[in-house]
Amino acid sequence: MSPAPSTPLLDRVRVPADMRNFSSDQLKQLADELRAETISAVSVTGGHLGASLGVVELTVAVHAVFETPRDRLIWDVGHQAYPHKILTGRRDRIRTLRQGGGLSGFTRRSESEYDPFGAAHSSTSISAGLGMAVARDLKGDQRNVIAVIGDGAMSAGMAYEAMNNAGAEKSRLIVILNDNDMSIAPPVGAMSAYLSKVVSSRPFLSIRDMMAKLARHFPAPLERAAKRADEYARGLLTGGTLFEELGFYYVGPIDGHDLDHLLPVLRNLRDAEVNDPVLLHVVTKKGKGYAPAEASADKYHGVQKFNVVTGEQVKAPPGPPTYQKVFATALIAEAEVDDRIVAINAAMPSGTSLDMFGKRFPKRTFDVGIAEQHAVTFAAGMATEGMKPFCAIYSTFLQRAYDQVMHDVALQNLPVRFAMDRAGLVGADGATHAGAYDIAYLGCLPNMVLMAAADEVELVHMVATAAAHDAGPIGFRYPRGEGIGLDLPKRGTPLEIGRGRVLKEGTKVAILSYGARLQECLKAAEELGTRGLSTTVADARFAKPLDTALVERLAREHEVLITIEEGSVGGFGSFVLHHLALRGMLDAGLKVRPMCLPDRFIDHDNPKKQYDEAGLNAAQIVAMAVSALGSGAAAARA
């Protein structure tokens, strides 16, 4: 373990108010110490390092200039907020980040008054900030609202919807665009910094406003010419015409790592007597100040525990391939023989392993940015032309495109294939990233076929099934992490739609599993067997269409039927109960026990503990079966 960094100034800062009398030089030193502390902490916990390192100076500057928490500071996505957490009373817990019972890896309202809005999905900050600003105005309060958006979040349509609304509302709001990949910015330097300082000053704002009012009294051609000249000058010097057209007063770009640039501009914006929304464009470097991160292709976006000196990440012992890699490999095998197969992801090429597919088929791979809604309708458009789009999106992020799944895919019965990664509970990312709801939210849609992989071999077969299915939309879910170590076929074999399988035959208890809890079900069956309770274990494979013949057989031949799924209330178990009720098979004493995720959010922890809390491990399955039989026996004796 690396020694703790020396942080004499940071040691004096418990909350942001403690740093507001620091000089500019002291704030620079504080930023250096904050960066070292962030690196040290994340080396112990793992997490989103690169984005946090990129906003160290910006974090210091905003908290030094504005009166947080009275002034509202919103961090988009929230994974760039580790330095913010250190400065806002949570330094003593920063090494519990993403651990069970510890700090969240994202902003969270219940965690601190300095987190006015919880975030872990991208591109929500401007909408939330505008809501706070309008509420402030309605209540007659006096406070600033600052939204920091970046790290790709400006690729999502929601950000522009919010900016369009903000421009129309004319409510005082400061948006800081943290441009950490130079996707928008021209080169920044002394001239840009000087112009930004001038443009953000109250005298300039007043003069410009006065000239704008005067121009309205010019003859129409002169007014248009004046407006064009103003836009041309600002667009030429700053690249901000787009934001100005949306109704924002644009300032920038400036160097987001130079406090001599940041501090005066932020003070000007704080003190400006204007009600219009303002966009401050800062250019930062993801991974800034830590050489291994700066040299890494992904700038250490998400890391395991690591050695601070070398940057080497702790690697788990070699094990089976992850489900996401199994998916990508299986998709490549299908695409080798079918040139209509294309792969689409929403800014997660490595997270979905579609970077592997992209290396093999670069012209058939599409990363559309953080734009899940567009991804789904883009896939639908491809499907209308006979292509076979695979839309690989985490279950938690597919929630953002629900209307498109329903209206643009299911309603038109288009054969879009949904590969839903991170199904079930996901460990350190917690409730915001849990894939808990897709069974319920997709299962209610007509035309949809739904599968869940019980293991990595099943996943290979489900990729092949989806590739072969042209009758309408089809989705398959699979968990985060490694498979169970099975030998994989080179290419999958399509499954019969709506047909499950029985892995173990018994007579007393039937366990019907949907998805990756199957191994726990098999363990539970073994334990029940030692208690003299003969147990059948079946893998449903499909939630829709349901294997009704299998469900009815299990119901007829067993005293207890337990359904298991890594999903919310209203999912697979509900589908089974609905069918049995309609068939009258609940009328004669059959004891059905649906086991699913509890109807509450489960915090970040290691997956084993999360599933213990959810009650979906083998011991809880055994207890459920014994309880069901016991209650039945007690009722019979009575």
Side-chain angles (χ1 to χ4, degrees), residues 48 79 120-122 298 301-302 320-332 334 341-358 365-372 375-376 379 389-402 405 416-442 448 450-467 473-484 488 492 514-517 543 565-568 571 597 604 607 610:
H48 292 93
H79 67 231
H121 285 190
S122 166
D298 69 351
H301 175 76
T322 61
Y323 279 96
Q324 66 186 62
K325 289 187 176 179
V326 171
F327 157 68
T329 302
L331 188 59
I332 289 169
E334 295 299 322
I341 289 176
V342 295
I344 300 163
N345 76 91
M348 298 293 287
S350 59
T352 58
S353 286
L354 283 186
D355 52 349
M356 296 168 54
F357 189 92
T365 308
F366 304 91
D367 181 354
V368 303
I370 303 177
E372 291 86 1
V376 171
F390 277 76
C391 213
I393 299 176
Y394 291 4
S395 167
T396 183
F397 295 143
L398 189 60
Q399 293 162 188
R400 296 164 66 94
Y402 188 62
V405 174
V416 174
R417 289 88 176 159
F418 295 100
M420 292 171 286
D421 199 343
R422 287 6 183 222
L425 302 177
V426 293
D429 281 336
T432 58
H433 282 55
Y437 310 105
D438 58 271
I439 307 170
Y441 72 67
L442 295 179
M448 186 70 68
L450 291 180
M451 303 178 283
D455 55 52
E456 60 265 52
V457 172
E458 286 291 291
L459 178 55
V460 174
H461 293 324
M462 287 178 183
V463 173
T465 305
I474 187 168
F476 51 97
R477 71 190 324 251
Y478 48 98
R480 181 177 191 169
E482 296 178 346
I484 63 175
L488 297 172
Y514 180 66
R517 289 286 93 193
E565 63 191 299
E566 297 172 310
S568 69
L597 295 177
H604 49 281
Q610 285 185 318

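Computed from heavy atoms alone, side chains included, the values below leave out hydrogens, waters and symmetry copies. Just so it is clear, the structure is predicted and the values come from calculations on it, not from any experiment.
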What I'd like to find out is whether the side chain of [X] reaches to under 4.5 Å of the side chain of [Y], using heavy atoms alone.
| X | Y | result |
| --- | --- | --- |
| Asp355 | Ser350 | yes |
| Val457 | Leu488 | yes |
| Ile474 | Met448 | no |
| Ile393 | Asn345 | no |
| Ile332 | Met356 | yes |

[X] (side chain) donor-acceptor with [Y] (main chain) under 3.5 angstrom:
| X | Y | value |
| --- | --- | --- |
| Glu456 | Ile484 | yes |
| Arg417 | Ala392 | no |
| Tyr514 | Ala454 | no |
| Asp421 | Thr352 | no |
| Arg400 | Ser122 | yes |

Please determine, by modelled atom types, if Thr396 and His121 share a side-chain donor-acceptor pair under 3.5 angstrom.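 Note: Thr396 and His121 side chains meet the donor-acceptor criterion.
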With sequence neighbours excluded, give me every salt bridge (charged side-chain N to carboxylate O under 4.0 Å, His left out) pair touching residues 423-435.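 Counting only pairs at least two positions apart or across chains, the salt bridge (charged side-chain N to carboxylate O under 4.0 Å, His left out) contacts touching residues 423-435 are Arg98-Asp429, Asp429-Arg480.
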Between Arg422 and Ser395, does the side-chain contact (heavy atoms from CB on, under 4.5 Å) criterion hold? Intermediate values first, please. CA-CA 6 Å; Arg422 287 6 183 222; Ser395 167; 5.7 Å; no
For the rings on His433 and His604, is their centre-to-centre separation under 6.0 Å?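 No - the distance between ring centres of His433 and His604 does not fall below the 6.0 Å cut-off.
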Are Phe476 and Phe418 near enough that their ring centres are under 6.0 Å apart?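 Phe476 vs Phe418: aromatic centres not under 6.0 Å.
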Grab the two heavy atoms, one from Ala440 and one from Ser568, that are nearest each other, plus how far apart they are.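 That would be CB-OG, 3.9 Å.
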Considering non-hydrogen atoms only, spot the tightest contact between Pro389 and Ala379 and give its length.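 That closest heavy-atom pairing would be CG-O, 3.3 Å.
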Begin from the C-alpha positions of Glu565 and Ile439 and carry the test side-chain contact (heavy atoms from CB on, under 4.5 Å) through to its verdict. CA-CA 9 Å; Glu565 63 191 299; Ile439 307 170; 3.6 Å; yes
Derivation and outcome, side-chain contact (heavy atoms from CB on, under 4.5 Å), residues Val326 and Val460: CA-CA 7 Å; Val326 171; Val460 174; 3.6 Å; yes
As a quick check of understanding, evaluate side-chain contact (heavy atoms from CB on, under 4.5 Å) for Glu372 and Gln399, giving each step before the final call. CA-CA 9 Å; Glu372 291 86 1; Gln399 293 162 188; over 6 Å; no
Run the side-chain contact (heavy atoms from CB on, under 4.5 Å) test against Thr432 and tell me which residues pass, sequence neighbours left out.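 With neighbours one apart ignored, the set is Phe106, Ala120.
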Contacts of type side-chain hydrogen bond (donor to acceptor under 3.5 Å, both in side chains), residue Gln610, not counting sequence neighbours: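 Listed in chain order: nothing, the list is empty.
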Indicate the ring-plane relationship of Tyr402 and Tyr441, choosing parallel, tilted or perpendicular according to the 30° and 60° boundaries.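 Answer is perpendicular, since the angle exceeds 60°.
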